[in-house]
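Written out below as structure tokens is the structure these notes cover.
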Amino acid sequence: MNKLQKMSLSYYNQRLIKLEKKANFYQLNLTDKNKLKLNKIKAQIMGIEQKISEINLVVNQSVQAKIASLKSSIEHEQDLNLKEVHKQELDTLETKEALLNDPKHVLSLSHLTMKFGGLKAVDDLSFVVNKGEIFGLIGPNGAGKTTVFNCITQFYKPTSGEVFYTDRHNDILKLTDYKVHNIIDLGIARTFQNVELVWELSVLDNLLVGGHSLFTAGFFSQLFHLPKLKKEEAMLRQKASEIIDSLGLTPYKYMIPYGLPYGILKKIELARVLMTNPSLIILDEPAAGLNDSETKELAKTIKDIKNKYNLTIILVEHDMELVMEICDRICAMSFGQKLAIGTPSEIQSNKDVQTAYLGGE
Amino acid sequence: MKKIMNTIKLKLKNPLYQFILFGFLMILLPLLSPFLSVTTVDALAKTLIYFVVALGFSLLIGYGGLASLGTSSFIAIGTFVAYAGINEFEIPFLVTILLGVVIAMLVGLIFGIVSLRIEGMYLAIVTLGLSEIMIELFKNFDRFTGGVSGTTSRAIQMFGLALTSSETLFIIVIAVVIAMILTYNLINSPFGRALLSIKNNDSAAQAMGISIIKYRLIAFIVSTVYAVTGGILYMGYIRFSMGSTWGLAISLNILAAVVVGGAKSIWGVLLGTFMIFGMDLILFKNIPFLADSKFANLSFVISGLLIILVTMFYPNGLAGLINEVKYKIKKMRLNKKAAKDHE
């Protein structure tokens, strides 16, 4: 893939996302005037989709050529180091090819490595997350779990390796091509280990910050409070209120979150994530600092929202009871490397995992 | 009668109507100006002009968390644009303002791109450096700035008439009301929330899809536009501007006005601006004891003390103080009511 194709592809993708948001807005307010606009936008979307598929066709051909050339170079290459590099590259390309035909795939890491100076926080990690599952990431402190999350959400750019993601159109995207603030448009939303809210805004407004990426009103309609902004704001306020009610946060709706109990703050963060219309949510230690009954309630909430919003969930957690109860599959890590991956019972009986947690012998 | 009073009361809960009411009150000022002393009117006009600048700055520091010290050089640009528009090109005043806005956007964009990659104290230092460069430029490019000796402008021409100072006040009041309304709109829209979330928590902001550099840049440009507009109004009213007056002192005064008043409240900023730019001339100079030439500088000491006291005990500024008092009165009333009910 050359640079021009890459740039035009990312431009078209972003334009598509913007247009879809607009179309969504007009769809929800169908008046005669908006119908015309909607049709116009739909035509534009079709055009852009066509262009994207054209580019993809060219790119696919070049990828096939690259795979062939890599294969031949691996056979003839004498230098062992170079051979290893080529092999990894080939593997990444082939993984992507394989993913195109996998309807279950949502997110996968391929040979992800993140170095900080001499420290390898994540070392050659690969796993696949399937649609509709709750995927747990466990490991002792400092195993690199949060680093993996930061690599997925592009807070860090991985040193090497790729993160693949299936978007709403079933296209396979490389997340490393995206900027950190564009990740949300793809439907990936995250929470933080230490609750990260806006302490100067009320709970409702915090949720509206979560809905920020859904606003299509431009700067001038914000400056003059044009009807479009007012309508959008009213719609999102309605949505935020619904989410607040469904999570049982109603008494705190107009409060400043500062000083509220930790369990409530975690819930507010969860609510904010739900505001963003996600299809994949990433929870960083959702149960940290919660007591037993709160943790049980959280487990129920996570399962409920998964079914209600049709989500895929990845979570890091230290509370083994919670992890074993709600996760469909678990990946255990230690010192940046993958120890084991499997169902909760498989992980529990795995020797390596026991050693990492309880010490050797 | 009661019904009308009630509807008026209800309407006044809406800040937009409050701003318009404020505008009407201020329009009394030019009408009353023949009866007031010249210094008082001048001080009030200056307060209003700097209020426009301070509003833009409050958006930058109160919402964006960015402390810039380049404000005064933006005001200076405004004054020189006004000079060029009124005297050199002789274009209508409204067109001059539009021209100023465009120039402000360009200057803000350039300053912003240079300086917004850094934060906090370092941003203040970089903008300070940039504004010092601007002042030197003003001294040397004397076509529009008059160099070291400054420039004197003619009166504003509008509808074929040359406006007097008190007529210019009308324009200033209108501009102030518009600035207040636009600021209020911006604060209460996704833009304001995005800025606040960047100030509070930039990683959460990014995770929610807010581009930090984009919003900081827009905030910087908006505050530049406010400052340049303030400069144009200044030239329209005072009609004299000199490059070297627009140094660090003015920038710091505006910073102080916003911080003392309460950076997140429009009325607070107004109070703060009045305290810094107007109180000395309007209040203290009218008190016989203080107006005595022996104590001429005592008023500065008093306003300095007030600033220290407010910032020490009320970090949210005068607006925070007023809110606290309001809350206490409400509580006292509720307590009294409860006690009465109990009896």
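Quick note: numbers below take in every heavy atom, side chains included, and nothing from hydrogens, waters or symmetry partners. In what follows, every chain begins at residue 1, and chains take the letters A, B, ... in the order their sequences are listed.
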Answer yes or no: does atom [atom1] of [X] have more than 12 heavy-atom neighbours from other residues, nucleotides or ligands under 6.0 Å?
| X | atom1 | answer |
| --- | --- | --- |
| A:Tyr309 | OH | yes |
| A:Lys239 | NZ | yes |
| A:Asn310 | CG | no |
| A:Tyr11 | OH | no |
| A:Tyr262 | OH | yes |
| A:Lys253 | NZ | yes |
| A:Lys157 | NZ | yes |
| A:Met235 | CE | yes |

Among B:Ala204, B:Ser203, B:Ser197, residue most engaged with chain A (heavy-atom pairs, under 4.5 Å): B:Ser203
If you count heavy-atom pairs within less than 4.5 Å of chain A, which of B:Ile212, B:Ile198, B:Leu186 leads?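 Winner by heavy-atom pair count: B:Leu186.
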What part of [X] gets closer than 4.5 Å to chain B, counting heavy atoms only: side chain, backbone, both or neither?
| X | answer |
| --- | --- |
| A:Leu197 | backbone |
| A:Leu201 | side chain |
| A:Asp185 | neither |

Indicate the atoms forming the closest heavy-atom contact of B:Val222 with A:Phe219, along with that distance.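 Heavy atoms only, the tightest pair is CG2-CZ, 3.7 Å.
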When every non-hydrogen atom of A:Ile184 is compared with those of B:Ala207, the smallest separation belongs to CD1-O, 2.9 Å
B:Met208 and side-chain contact (heavy atoms from CB on, under 4.5 Å): which partner among A:Thr276, A:Leu208, A:Asn206? A:Thr276
Among B:Asn185, B:Leu182, B:Ile181, which one satisfies side-chain contact (heavy atoms from CB on, under 4.5 Å) with A:His225? B:Asn185
If you apply the rule side chain to side chain contact (heavy atoms under 4.5 Å, CB included), what do you find for A:Val209 with B:Ile210, and how did you get there? CA-CA 9 Å; A:Val209 169; B:Ile210 295 162; 4.1 Å; yes
Supply the atom-to-atom distance A:Leu223 CG to B:Ile218 CD1, rounded to the nearest 0.5 angstrom.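 Interatomic distance, A:Leu223 CG to B:Ile218 CD1, rounded to 0.5 Å: 11.0 Å.
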So, taking the atom named CZ in A:Phe224 and the one named OG in B:Ser189, what distance separates them when rounded to the nearest 0.5 Å?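 Here the rounded value is 12.0 Å.
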Could you check, using the six-membered ring where one of them is a Trp, whether A:His181 and B:Tyr215 have ring centers closer than 6.0 angstrom?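 That pair fails the under 6.0 Å test.
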Decide yes or no on side chain to side chain contact (heavy atoms under 4.5 Å, CB included) for A:Glu200 and B:Lys199, but give the supporting numbers first. CA-CA 10 Å; A:Glu200 290 179 56; B:Lys199 175 187 167 197; 3.3 Å; yes
[X] versus chain A, heavy atoms under 4.5 Å apart: side chain, backbone, both or neither?
| X | result |
| --- | --- |
| B:Lys264 | side chain |
| B:Thr183 | neither |
| B:Tyr63 | neither |

Given side chain to side chain contact (heavy atoms under 4.5 Å, CB included), test B:Arg193 with A:Phe215 step by step and report yes or no. CA-CA 12 Å; B:Arg193 285 194 295 265; A:Phe215 278 99; 3.5 Å; yes
Identify which of A:Ile188, A:Asp205, A:Thr153, A:Ile183 forms the greatest number of heavy-atom pairs closer than 4.5 Å to chain B.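 It is A:Asp205.
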Any donor-acceptor N/O pair, A:Gln222 side chain to B:Phe191 backbone, under 3.5 Å: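 Side chain of A:Gln222 to backbone of B:Phe191: a pair is present.
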